Amino acid sequence: TLTLTDTILASGSNLISLNGKTSVDINATSVTSITDTYTNINTIYNGTGISGLGNEAVTISDTTNATNVNGILNKTTGIVTAIVTADIAANLNTGLVNATATDALTLTVNGATAQATDLIDLDGKTSVDVSVTATAVSGTFANLNTVYVTNVANYVNLGDENVTITDTTSASNVNIILGATSGNVTAIVTADTAANLNSSLTNSTSADALTLTVNGATATASDLISLDGKTNIAISVTATSVSGTFTDLNNIYVTNMSNYSNLGDENITITDTQSATNVNTILGKTTGTVTATVSTDTASNLNSALTNATS
């Protein structure tokens, strides 16, 4: 009959060896912590002949996969310290069902895409910052905000991944996520006026894939041009009127027309005096009413140039 007096086992080898020297269970109640490789720790917990274990702290000295670590987590109520083999967030999350926030698990999330919900769950399974090397993260704004803002200190290596916001959310919310990563952000932004969208999306670039819908009574052409530089998706313009200089309007309705959708029925105001030819260009781009001051010219020239004008 063997009873240990050790509180700290820096190695489980002696305990394993002792277990082969008696047919009576070894009393290991005194042990408060064990450090060893996964193989040896697994032998201690899953073999026969050792009693009194189940509340000690455990340190797994070699890197091992989530399933193996989870098996040890299930054997003790003490804190488990381990370096878990890097894996995708979903696999780590499902593999570590027995982990809690007090365990000291070094986790590295790799792979193509990590779900924000999995990252949040993993944060609740360790006291160590979670390393995220996945190339993309996807989730609702609320969950992404938890990862990138509220609990950003609980993660490392965040800030260069592509992010997809899965629910429609305001420009201000999207801008928060845009400011948290240098990667490309994909999102459907709540419809708003051109001015509001433009002033809110200060962190966006033309590499981002933002679905933008411009509503309201009037959109200025300058705001629409600025918004065109904040997304690689055609901007839907449902505003009832557009106002701007001929240069800006020509940019929207002629030069970069393919960058916008739902144009062609809005009222347009040209804010600077322009030639009849230029005004006629804009007249041909909408079925709405065009308001403009036309440069002075002969009746013949005005008449021949304004072919698209109606009463």
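Everything numeric in this text was worked out from a predicted model, so none of it was measured.
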Is [Y] close to [X] at the side-chain level, that is, under 4.5 Å between some pair of heavy atoms?
X: T64; Y: V69; value: yes
X: L212; Y: L201; value: yes
X: N198; Y: K230; value: yes
X: N250; Y: N278; value: no
X: L15; Y: I26; value: yes
X: I16; Y: I44; value: yes
X: N68; Y: N42; value: no
X: Y148; Y: V137; value: yes

Show which side-chain atoms of residues 116-124 pair as donor or acceptor with protein atoms under 3.5 Å away, not counting sequence neighbours.
unit_1 : atom_1 : unit_2 : atom_2 : d
D118   : OD1    : N93    : ND2    : 2.9
D121   : OD2    : N93    : ND2    : 3.2
D123   : OD1    : N154   : ND2    : 3.3
D123   : OD2    : N154   : ND2    : 3.0

- Message: Quick one, I176 with F141, criterion side-chain contact (heavy atoms from CB on, under 4.5 Å). Give me CA distance, side-chain angles, the key distance, then yes/no.
- Response: CA-CA 9 Å; I176 290 170; F141 168 74; 4.2 Å; yes

- Among T281, V242, D248, the one residue meeting side-chain contact (heavy atoms from CB on, under 4.5 Å) with Y253: V242

Are [X] and [Y] linked, directly or through other ILVMFWY residues, by side chains that come within less than 4.5 angstrom of each other?
X: I88; Y: L144; result: no
X: M257; Y: L224; result: no
X: V290; Y: V294; result: yes
X: V147; Y: V149; result: yes
X: L2; Y: I34; result: yes

Applying side-chain contact (heavy atoms from CB on, under 4.5 Å), can you list everything that pairs with [X], at least two apart in sequence or on another chain?
X: D25; answer: S51
X: S11; answer: S13, D36
X: D228; answer: I235, N256, N259, Y260
X: A207; answer: N184, T205

What side-chain hydrogen bond (donor to acceptor under 3.5 Å, both in side chains) pairs are there with at least one residue in [range], not counting sequence neighbours?
range: residues 73-87; result: N46-K75, D87-N91
range: residues 291-301; result: D297-N301, T298-N301
range: residues 125-136; result: S131-N157

Main-chain N/O of [Y] paired to [X] side chain as donor or acceptor, under 3.5 Å:
X: N175; Y: T202; answer: yes
X: D62; Y: Y38; answer: yes
X: T32; Y: T7; answer: yes

Looking at residues at least two apart in the chain, or sitting in another chain, which of them share a side-chain hydrogen bond (donor to acceptor under 3.5 Å, both in side chains) with [X]?
X: T220; result: S222, D223
X: T240; result: none
X: T271; result: none

Heavy-atom pair with the smallest gap, counting every atom of [X] and [Y]:
X: N70; Y: V97; result: OD1-N, 3.0 Å
X: L178; Y: S204; result: CD1-CB, 3.6 Å
X: V31; Y: E56; result: O-CB, 3.7 Å
X: L302; Y: A276; result: CD2-CB, 3.9 Å
X: L249; Y: G244; result: CD1-O, 3.2 Å
X: A171; Y: L197; result: CB-CD2, 4.0 Å

How far does [atom1] of [X] sit from [atom2] of [Y], to the nearest 0.5 angstrom?
X: L92; Y: L105; atom1: CG; atom2: CG; answer: 10.0 Å
X: L4; Y: T29; atom1: CG; atom2: OG1; answer: 8.5 Å
X: I270; Y: F246; atom1: CD1; atom2: CZ; answer: 7.5 Å
X: I50; Y: N19; atom1: CD1; atom2: CG; answer: 4.5 Å
X: N143; Y: T166; atom1: CG; atom2: OG1; answer: 8.0 Å
X: N251; Y: I225; atom1: CG; atom2: CD1; answer: 4.0 Å

- Could you give me the CA-CA distance, side-chain angles and deciding distance for T102 and T100, then say whether side chain to side chain donor-acceptor pair (under 3.5 Å) is met? CA-CA 5 Å; T102 58; T100 69; 3.0 Å; yes

- Query: How far apart are the C-alpha atoms of S61 and T35, what are their side-chain angles, what is the distance that settles it, and do they pass the side chain to side chain donor-acceptor pair (under 3.5 Å) test?
  - Reply: CA-CA 7 Å; S61 59; T35 300; over 6 Å; no

Without placing hydrogens or testing angles, list every side-chain donor-acceptor pair under 3.5 Å for residues 185-192, not counting sequence neighbours.
unit_1 : atom_1 : unit_2 : atom_2 : d
T190   : OG1    : T169   : O      : 3.2
T190   : OG1    : S170   : N      : 3.4
D192   : OD1    : N196   : ND2    : 3.0

- Task: Evaluate the criterion side-chain contact (heavy atoms from CB on, under 4.5 Å) for residue pair S206 and N232; output intermediate values, then yes/no.
- Result: CA-CA 5 Å; S206 59; N232 60 25; 5.8 Å; no

- Chi angles and distances behind the side-chain contact (heavy atoms from CB on, under 4.5 Å) call for V174, I177: CA-CA 5 Å; V174 171; I177 303 304; 5.8 Å; no

- Between the side chains of N262 and S236, does any donor sit under 3.5 Å from an acceptor? yes

- Query: Any chance CG of N14 has more than 12 other-residue heavy atoms, nucleotides or ligands included, within less than 6.0 Å?
  - Reply: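 At most 12 heavy atoms, drawn from other residues, nucleotides or ligands, come within 6.0 Å of this atom.
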
- Message: Please evaluate residues N215 and T193 with respect to the criterion side-chain contact (heavy atoms from CB on, under 4.5 Å), reporting the C-alpha separation (whole Å), side-chain torsions for both, the decisive distance (0.1 Å), and the verdict.
- Response: CA-CA 5 Å; N215 63 14; T193 65; 4.1 Å; yes

